[in-house]
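Have a look at the structure below, then the notes.
Predicted model, so just to flag it, every value in this text is computed and none were measured.
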Amino acid sequence: MESEAKTRGNRREWVKNAAIIFLAVLLVLTFFSNTILNRSLPEVATRDIGSGTIAARIRVTGTVAANQNYEVSIDESRKVRSVMVKAGQEVSTGDVLFVLSDSKSEELENAEDYLRQLEKSYQEKVINSAGSDYAAEKRDIELAQQALTEAQDTLARLEFDTEGYEKAERAAEEAKNALREAQRQAEDLDYKITDAENNVTKAEAAVVRAQEAVSEAQQALSDSGYVRVTQEELDKLNRAKEEAEKKVREADNNLAAAKLIYEKAYNWIHARAEYMMKQTTEYKSLSEREQHVFLEEKRATYEKYVMDLISDGKLFPYDAKPGKIYHGDYVEDGLLPNPEEIARYQKAFDEMSPYGATSKQAALDKAKEAYDDAAAACEKAVTDDQRYALGLQQVQLAKEDVETAKAGVELAREAVEAARKEKLEAERRADDLAEDKTRAEEALEALKDKKSEYDSKAGQARDAAQALSDKLFLLSEKQKADGKTAQLDQLELSDLSGQIERQRQKVEELDTNAAEKEVRAPVSGVVQTVSITAGQTTTPKTAMATIELPDMGYVLTATVPNEQARRVHTGDSASVANMYWGTQIDATLTAVKADPKDPQNSKQLTFSLTGDVTPGSSLTLSVGQKSAEYDFVVPNSALRSDSNGDFILVVVAKNSPLGDRYLATRVNVTKLANDDTLTAVTGALNAGDFVITTSTSPIKNGDRVRLADTQT
């Protein structure tokens, strides 16, 4: 029986343990299944929904440029000798921009060649025309042709280096400019010497003023009457002060002791005197202010009068008899004055009243006055000593100022000598440059003679060509008058004559332009670019320089995406985001156009600028609507949309036995305004809701999610 019972007990124990283990395993599996499930959920980042400010503005950055530029160019190829301006320089109408060489342009040489070809063709046409041989005219034409050939040959034989002449001309001009600059520097040094000499005079005057200041400081110290106080004298004064202070304490103690003994009695005398004064007809007839003066003036007299009444037995403020106190001014039957009390009141009057014979108050006042005198003597001694020391310091400082001023004189004199040496050096340099200028001008004069001869022969060649042309023209006219030239020949000759005349005018125009050695600014403005350097040859109709026209205003152009361009409108005012204090720039949006580089996705914004604008500077502009406050603002990344419209997903927490679960819940919204990062919305929202901004995988309405900062 015991064995069976034991076996049944073991079985029940085993069943119980198995049940416990099963339940424990079930609980563990339930917990870990929830953890594994949470780990598999999409992780989301959230942000709380609240109020905020939306400014539907955009920022753009661009470079300031002139609204209009003028390109400076010429109509021929000319060699540039000097460039007189540089980028960023302001110029006025008529200022010299470029200096050109004297050499013929390629266009002039080509025009002269073409004119010679036309004249030769005209000559051949006239000679070969049908009719009389016109021997005399032909002979004249041959002679003219011969003269032209000889003139051209002579011109060709002349050796004239145009480039060398230009170089000599430049050298002479540079030498003249260098001499002018050296002379200007020498003249400037005259002013420098004068200034330095003036500084010497000022420094010497400063020495005199400083010496006068020393004398004044010494005199002021002497007149002040201040003296140095020895420590022995100061100790003596302090001892006198301490002794006076000791007497004040003694007098104060005496007064305090007298008050303990006699204050009550004296107060009675004092009060009785004041009572008597106030009962007088004179007192009652006075004003309140006059009554106060009356009391102070009469107090001594009345206090003495009261004391006399007490002494004469006519006033009894004391005990005349045991058990009785009399305060009247009469004597009762059988009562006599008490001598001891009279003596006590007399003592109280003498000790306490300022008018008493042995007044403790008067003694205290006298002791205090003596102490004040001793303290004032000590203070005066210390003050006199300090002021004397200060006066000595002022004298010393004034003497140091004298030395400083003298050093200033020496420095000023050294500056004069340095300026004079610099002037001598500048004059020597100017003399050397004057010699260089003379040599350069002599070399240029020698070349000028050759140039004059060359120009003379060139003129003779032109005259010979003109004479030949005239003779050919006369022959042609004669042939037309005689009617011996065919109509076709006449037409061709007439056409050639017109071409020759037009070409001659072109040559003369180009020749006249060749005489122009300077290119001047046709407008006023700021040089933006210079496209050519000294020694280069110009290209006809090609800009040599570009001039900005500030009077036409400035613009700034920037490119933005189409989405940003929709936030602005033509006429909007813009503010400068990177403007420094003291500057004032106004910007207005004047045009919104498709971007030529990306017309499908971008727009080009053009702003008109006025105010303190610098061309070439970079500005950042802010343009668009004004900022506004909204109840619900969410990040742009939180907005979603489908066929049903715009919506956001908010996180909703659900309680469960195993903890909170989070669900993504759709909330339909309407967009009110937005900027680059935030959007203002309206919908079934509450302040403090958490909106989902990003997730690790796609989610939809009703999906379970886990928060990025939640560990499950």
Side-chain angles (χ1 to χ4, degrees), residues 177-245 370-436 580-583:
N177 292 336
L179 176 59
R180 186 184 301 113
E181 178 63 19
Q183 291 172 340
R184 185 191 63 78
Q185 291 177 357
E187 292 174 357
D188 291 343
L189 287 172
D190 286 334
Y191 294 113
K192 187 175 182 180
I193 292 172
T194 302
D195 291 341
E197 290 173 343
N198 291 336
N199 290 337
V200 171
T201 303
K202 293 177 182 178
E204 290 173 344
V207 171
V208 173
R209 289 194 299 272
Q211 291 172 339
E212 292 175 351
V214 171
S215 300
E216 291 174 358
Q218 291 173 337
Q219 186 62 40
L221 181 61
S222 175
D223 295 342
S224 67
Y226 301 136
V227 295
R228 297 305 300 264
V229 179
T230 64
Q231 187 61 42
E232 181 180 357
E233 293 171 332
L234 186 60
D235 292 343
K236 182 178 180 181
L237 291 172
N238 284 325
R239 285 195 297 272
K241 176 183 174 183
E242 291 172 357
E243 185 65 26
E245 185 178 12
Y371 172 78
D372 291 340
D373 292 342
C378 287
E379 183 177 356
K380 182 177 182 302
V382 173
T383 302
D384 286 355
D385 185 71
Q386 291 175 344
R387 290 179 177 176
Y388 185 83
L390 181 61
L392 286 179
Q393 184 179 5
Q394 295 295 329
V395 172
Q396 183 60 33
L397 290 175
K399 289 180 179 179
E400 292 176 0
D401 290 342
V402 171
E403 297 303 318
T404 302
K406 289 180 179 179
V409 171
E410 293 302 318
L411 290 175
R413 288 173 178 168
E414 291 175 2
V416 171
E417 292 302 318
R420 288 174 178 169
K421 290 180 181 179
E422 191 176 356
K423 172 70 182 303
L424 291 175
E425 183 63 28
E427 289 176 342
R428 285 195 293 269
R429 187 166 59 253
D431 292 340
D432 294 340
L433 291 173
E435 294 177 0
D436 294 343
Y580 294 102
W581 179 88
T583 60

**Q.** Any side-chain donor near an acceptor of the partner, N177 and E181, under 3.5 Å
**A.**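 Their side chains do not contain a donor-acceptor pair, so the 3.5 Å distance test is not met.
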Q) Are K236 and R239 side-chain neighbours, meaning at least one heavy-atom pair lies under 4.5 Å? A)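 K236 reaches R239 side chain to side chain.
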Q) What distance do N199 atom CG and T194 atom OG1 have between them, rounded to the nearest 0.5 Å? A)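 Here the rounded value is 10.5 Å.
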Q.
Using 0.5 Å steps for rounding, measure from the CD atom of Q231 to the CG atom of N238.
A.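 Interatomic distance, Q231 CD to N238 CG, rounded to 0.5 Å: 8.0 Å.
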Could you pull out all residues at least two apart from [X] that satisfy salt bridge (Lys or Arg N to Asp or Glu O under 4.0 Å)?
X    : result
R420 : E197, E417
E243 : none
E204 : R413

